Amino acid sequence: MAGISSLGVGSGVLTSDLVDQLVAAERAPTENRLTRKTEQSQALLSAYGKLRSAITELRLPMRQLSAPDNLKAFSANSSNEDIGVSVDSTKANRGTYSVEVTSLAGAQALASRDVFADRDATSVGQGALTLSVGDKTTNITVDSSNDTLQGLANAINDSDAGVSAGVIDTGNGFQLVLSADETGTANSVSISVSGDTGGSDTDNQGLSRFAFNSGMDAGAGFQETIAASDAVMKINGVEVTRSTNNFENVIDGLTFDIAATGTSIVKVEQDLGAVADRVQGFVDKFNGFQSTVNSLAGFNAEAGVGSLLTGDSTVRGIQNQLRQILTRVVPGLENSSVRSLADVGVTTNFETGGLEFDRKKFEEQLKNSPDDVTALFAEQGRATDSQVEFVRSGMNTQPGKYDLNITQAATQGALTGSSGVSVPVTIDGTNDELSFQINGETSVSLQLTQQTYNTAQDLADELQAQFNASNALKASGSSVQVGVDGSGTLTFTSAKYGSDSNVSIVSAEDGSSYGLAAATGAAGNDVAGTIGGRAAEGDGQVLFLGSGNGGASGLQVRILGDQTGSRGSITFIEGVAERTVDLVSSFVGADGALESRTQSLNRELEQIQENQVRLDERIAAYRERLVKQFSAADSLISQLNSTQDYVSQQLDALAPQNFNKK
């Protein structure tokens with residue numbers, strides 16, 4: 001660049017300005033073309049980004065409408081605010097219920113009968129306490145480190161036994177008080193003592209002053225200051241009991257929270273407005289999408305001017321596919337009262353391309369034909385057998401009718417005792433403990449109530465109550481049914497179906513008198529059969545097809561009952577919302593039309609950048625070539641000018657006046 005400043009010295013013509021002008025003239029056509037292509041590609045990327053955003057907005061409202069449960073919105077009202085009710089629309093049904101709460105759940109409270117002179121100094125006795133709360137048993141050692149009233153209270157609180165302990169200053173001394181952490185009779189507290197250094201384990205001396213069970217003699221051990229109680233209410237005259245003041249699953253979809261005794265009328269009604277709001281939400285999003293399309297791909301006929309994406313094949317393809325779904329008769333509903341969106345008040349405005357929503361018409365159709373409206377929007381399986389339930393479809397499941405044939409019905413795992421119950425049977429401290437394993441994963445420990453059972457059914461009822469109260473079983477979502485067979489033998493059946501279902505006895509403390517000993521039960525069977533003529537897999541009662549099985553790929557059905565052979569057919573209907581969600585996902589997915597077009601434009605921008613680099617390199621070489629050529633020419637002209645000056649001088653020397661002087 002330093003040498004270019006001397007250009008033109010020899011000629012006065014071939015200057016650096018001339019080089020710049022020639023270089024600019026050489027660069028301009030290509031650079032202008034690349035700039036136009038860059039601006040166009042960036043504008044198209046921005047336009048496709050707006051289109052992607054607008055079409056993605058359709059997915060959420062349609063995904064909500066694609067779930068059948070969201071088309072069954074219900075509301076519940078209680079006439080008494082102390083008897084609260086909430087509703088799960090996925091399970092609820094219309095109805096009116098008379099509710100009477102007669103008892104609230106309460107936690108048990110105990111207090112020591114003895115009053116101690118000092119909370120931190122007076123000895124309470126040493127040994128071991130065993131606390132049983134519900135199905136949880138905790139052992140606490142009392143020794144010289146905690147042999148005080150406060151020390152005992154701290155040890156109980158640290159043990160996480162399911163009770164809380166405290167020390168009360170009565171004004172005349174100190175008492176130890178306990179309260180169960182959970183309400184209900186199932187969480188009653190039982191305390192036994194062993195190794196009492198202050199006397200025997202039951203003489204109400206030393207540590208045995210803190211023993212307690214419901215059958216103790218009055219005046220011995222702890223005293224019960226508040227009895228554990230269950231919540232009790234009647235629903236349409238039927239009494240229901242729970243260990244807490246929260247009643248779930250008493251009526252499908254309803255949960256009661258009670259704060260006081262009393263009566264109430266609870267009404268459950270379909271909330272048509274809530275469902276209509278969801279449809280209105282989709283209509284609004286679609287109209288927003290259509291407005292975006294009009295701004296990006298519209299054509300002004302009066303001005304004769306199009307928009308950036310006018311005539312774009314990607315936009316036309318998206319519009320056409322959406323329009324086909326939103327205006328079609330849903331396959332499988334051809335003979336129904338509701339066949340298309342127009343039948344529920346969703347119509348197309350052909351001037352704007354947007355949707356219009358007749359809310360009143362929609363609510364009437366939803367009220368009169370809820371099943372068909374659900375099928376119109378969501379996926380649905382309609383079985384000819386009342387004991388066949390549609391579970392779900394897969395991404396590749398196609399609408400259609402599929403025959404079902406069952407070769408093996410699902411069964412439950414079960415265990416039968418080794419022998420009949422020898423009645424009457426007396427349960428005491430030597431034979432009251434049993435341990436089970438349910439479905440191969442849940443351990444359940446039971447402690448039978450110590451008493452005499454006169455019939456096998458009485459003992460079965462006690463076992464059933466113990467299983468029902470098991471927190472471990474509740475946490476696993478499982479249950480066990482206890483029964484008595486014809487020979488008086490106890491039977492245990494898991495509520496679960498399939499090969500993972502089983503009931504086993506891990507241990508039974510001297511259970512020979514009632515026919516129980518450690519044993520492994522018989523596992524259940526998974527359902528087996530075909531769907532649409534293709535061999536399906538079974539998981540419990542659910543029969544399903546994996547991918548690569550034709551139109552029924554991904555279809556899942558639940559087979560109830562024990563009938564084998566032909567079980568009729570199931571017709572899969574894919575509603576408008578479900579189909580729209582799949583379509584939008586295909587548009588914006590990794591292999592979708594918008595992603596493909598976006599990637600193509602990004603590649604164009606990368607190519608433009610590469611062309612720009614090559615242009616810079618070519619122009620730099622061109623400039624360098626011009627400088628060399630101009631420098632050579634300027635040097636030659638400078639030489640010619642020097643020669644001209646010399647010749648001129650010589651000619652001047654030969655001029656006539658010079659000869660005259662001589």
Side-chain angles (χ1 to χ4, degrees), residues 64-65 67-106 183-184 229-281 336-338 343-345 358-378 380-383 386-387 389-390 468 474 477 479 495 558 560 575:
Q64 292 176 333
L65 290 169
D69 294 336
N70 286 337
L71 291 155
K72 300 176 181 178
F74 288 88
S75 61
N77 295 293
S78 171
S79 62
N80 185 341
E81 63 181 14
D82 288 329
I83 302 176
V85 60
S86 57
V87 62
D88 179 352
S89 290
T90 65
K91 300 176 181 179
N93 288 292
R94 282 181 256 181
T96 300
Y97 306 95
S98 174
V99 178
E100 180 185 5
V101 177
T102 58
S103 175
L104 295 179
T183 58
S229 60
D230 291 326
V232 180
M233 71 176 180
K234 293 181 179 179
I235 302 177
N236 289 353
V238 178
E239 187 171 278
V240 181
T241 302
R242 291 290 187 272
S243 61
T244 71
N245 292 317
N246 178 270
F247 287 70
E248 293 182 346
N249 301 321
V250 178
I251 301 172
D252 286 345
L254 296 186
T255 297
F256 295 91
D257 285 297
I258 59 176
T261 59
T263 61
S264 175
I265 299 297
V266 173
K267 291 185 177 181
V268 183
E269 299 176 320
Q270 190 169 15
D271 193 346
L272 304 176
V275 182
D277 286 342
R278 294 190 178 106
V279 178
Q280 183 67 62
S336 301
S337 60
V338 173
D343 292 330
V344 295
D358 185 337
R359 189 184 187 94
K360 182 178 179 181
K361 183 176 182 179
F362 174 82
E363 292 185 4
E364 288 177 352
Q365 289 284 39
L366 180 60
K367 181 178 180 179
N368 298 328
S369 305
D371 194 50
D372 287 341
V373 173
T374 298
L376 175 68
F377 284 95
Q380 190 180 80
R382 296 183 171 182
S386 61
Q387 288 192 301
E389 299 176 353
F390 170 73
N468 292 345
K474 291 176 183 177
S479 62
R558 180 173 286 105
L560 307 177

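Sequential numbering from 1 along the given sequence is applied to the chain's residues. The shown structure was predicted, so the numbers you read here are calculated from the model rather than taken from an experiment.
Proximity of a side-chain donor or acceptor of Arg278 to a complementary backbone N or O of Gln64 within less than 3.5 Å is not detected. Formation of a donor-acceptor pair under 3.5 Å by the Thr183 side chain with backbone atoms of Ser243 is found in this model. A donor-acceptor pair under 3.5 Å is absent between the side-chain atoms of Thr374 and the main chain of Pro68, judged by distance alone. In this structure, Thr255 contributes its side chain and Ser86 its backbone to no donor-acceptor pair below 3.5 Å. For Asp230 (side chain) and Ala105 (main-chain N/O), no donor-acceptor pair under 3.5 Å exists by modelled atom type.
The heavy-atom pair separating Ile258 from Ala231 by the smallest distance is CD1-CB, 4.0 Å. In this structure, Glu363 and Leu272 approach most closely via the heavy-atom pair O-CD1, 3.8 Å. Taking both residues in full, the closest heavy atoms of Asp82 and Asn80 are given as N-OD1, 2.9 Å, listed atom of the first, atom of the second, then distance. In terms of heavy-atom proximity, Ala378 sits nearest to Ala67 at CB-C, 4.1 Å. Contact between Val232 and Phe247 at its shortest, heavy atoms only, is N-CZ, 4.2 Å. Closest of all the heavy-atom pairs between Asp371 and Gln380 is OD1-NE2, 3.1 Å.
Residue Lys474 qualifies as enclosed at atom NZ: its count of foreign heavy atoms under 6.0 Å is above 12.
For the residue pair Asp372 / Gln365, no side-chain donor-acceptor distance below 3.5 Å is found, with atom types taken as modelled.
Within the model, atoms NZ of Lys234 and OG1 of Thr241 stand 10.5 Å from one another, a figure rounded to the nearest 0.5 Å. Note that the CG atom of Asn245 and the CE atom of Met233 stand 10.0 Å from one another [nearest 0.5 Å]. Atom CD of Gln270 sits about 5.0 Å away from atom CZ of Arg94, to the nearest 0.5 Å.
The closest side-chain heavy-atom distance from Val266 to Phe256 is below 4.5 Å. Side chains of Leu71 and Leu65 form a contact here, defined as non-hydrogen atoms less than 4.5 Å apart.
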Exercise. Taking it one step at a time, do Phe377 and Asn70 satisfy side-chain contact (heavy atoms from CB on, under 4.5 Å)?
Worked result: CA-CA 10 Å; Phe377 284 95; Asn70 286 337; over 6 Å; no

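Ionic pairing of Arg242 and Asp257 is not present here: no N-O contact between side-chain nitrogen and carboxylate oxygen is shorter than 4.0 angstrom.
Of the candidates Val85, Asn77, Asn93, Leu254, Val268 forms a side chain to side chain contact (heavy atoms under 4.5 Å, CB included) with just one, namely Leu254.
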